[in-house]
Student: 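This is the structure, below, for whatever I ask next.
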Amino acid sequence: VRYDRSGRFSLLAGAGGHVSIIDQHSLALTSEFFVNETVRDACFLHNGSMMAVAQEKNVFVYDDKGVEIHRMDGHRRVMGMEFL
């Protein structure tokens, strides 16, 4: 479980490819999607609207609706991430 900087949103990612965002104030599911790869790690970027997801072959950047924004080639088998 990862939280954004404000603590309002939590990011859950499972090894089976499940990624979801939960609003901690209302405990409502904000977004939920599945990727077709193993998820190794996930973290929010500057706020709760974008996240980086380390998958089996690449690291992907998604928005809060699960739309792929960017794919970072060359980052293989990333086991842990942290946004500064």
Side-chain angles (χ1 to χ4, degrees):
V1 176
R2 295 283 188 106
Y3 296 93
D4 70 337
R5 289 179 187 247
S6 68
R8 177 166 186 162
F9 297 103
S10 64
L11 176 62
L12 303 165
H18 177 255
V19 179
S20 62
I21 301 173
I22 298 174
D23 184 344
Q24 294 296 312
H25 286 185
S26 63
L27 296 178
L29 183 65
T30 303
S31 177
E32 179 178 33
F33 61 96
F34 293 90
V35 296
N36 294 325
E37 285 186 278
T38 301
V39 174
R40 296 181 182 269
D41 194 20
C43 68
F44 282 112
L45 298 181
H46 61 285
N47 58 22
S49 67
M50 292 196 323
M51 69 193 100
V53 179
Q55 296 176 18
E56 186 71 28
K57 296 181 181 176
N58 296 308
V59 175
F60 292 88
V61 176
Y62 295 100
D63 70 358
D64 58 347
K65 303 300 180 207
V67 177
E68 181 183 323
I69 297 173
H70 186 67
R71 182 183 74 220
M72 292 183 243
D73 291 331
H75 298 282
R76 304 224 184 251
R77 295 191 174 98
V78 174
M79 298 302 289
M81 297 184 297
E82 189 68 36
F83 184 73
L84 299 177

Student: Are V39 and F44 grouped together when hydrophobic residues (ILVMFWY) are joined by side-chain heavy atoms under 4.5 angstrom apart?
Tutor: yes
Student: Looking at N36, I want to see if its CG is surrounded by more than 12 non-hydrogen atoms of other residues, nucleotides or ligands under 6.0 Å.
Tutor: no
Student: Would you compute the distance between atom CG of D63 and atom NE2 of H70 and round it to the nearest 0.5 angstrom?
Tutor: 14.5 Å
Student: Using the rule that Ile, Leu, Val, Met, Phe, Trp and Tyr join whenever any side-chain heavy atoms are under 4.5 Å apart, tell me whether M81 and M50 fall into a single cluster.
Tutor: yes
Student: Atom CG in D23, atom CZ in F9: separation rounded to 0.5 Å?
Tutor: 4.5 Å
Student: Under 4.5 Å between any side-chain heavy atoms of H46 and F83, yes or no?
Tutor: yes
Student: Among the clusters formed by ILVMFWY side chains lying less than 4.5 Å apart, do Y3 and L45 turn up in the same one?
Tutor: no
Student: If I take atom CG from residue D41 and atom CZ from residue R2, how far apart are they, to the nearest 0.5 angstrom?
Tutor: 4.5 Å
Student: Check the hydrophobic clustering (I, L, V, M, F, W, Y; side-chain heavy atoms under 4.5 Å; chains of links allowed) and say if I22 and M51 are grouped together.
Tutor: no
Student: Let me check something: do F33 and L12 share a hydrophobic cluster, defined by ILVMFWY side-chain heavy atoms less than 4.5 Å apart, either directly or through other members?
Tutor: no
Student: Check for a donor-acceptor pair, side chain of Q55 on one end and backbone N or O of F60 on the other, with a separation under 3.5 Å.
Tutor: no
Student: Can you tell me how far the CZ atom of F34 sits from the OG atom of S20, to the nearest 0.5 Å?
Tutor: 8.5 Å
Student: Just how far is it from atom NE2 of H25 to atom OG of S6, taken to the nearest 0.5 Å?
Tutor: 6.5 Å
Student: From the options V78, V61, N58, select the one residue that forms a side chain to side chain contact (heavy atoms under 4.5 Å, CB included) with M72.
Tutor: V61
Student: Is it the case that the side chain of S31 and the backbone of D64 share a donor-acceptor pair, with hydrogens and angles ignored and the cut-off at 3.5 Å?
Tutor: yes
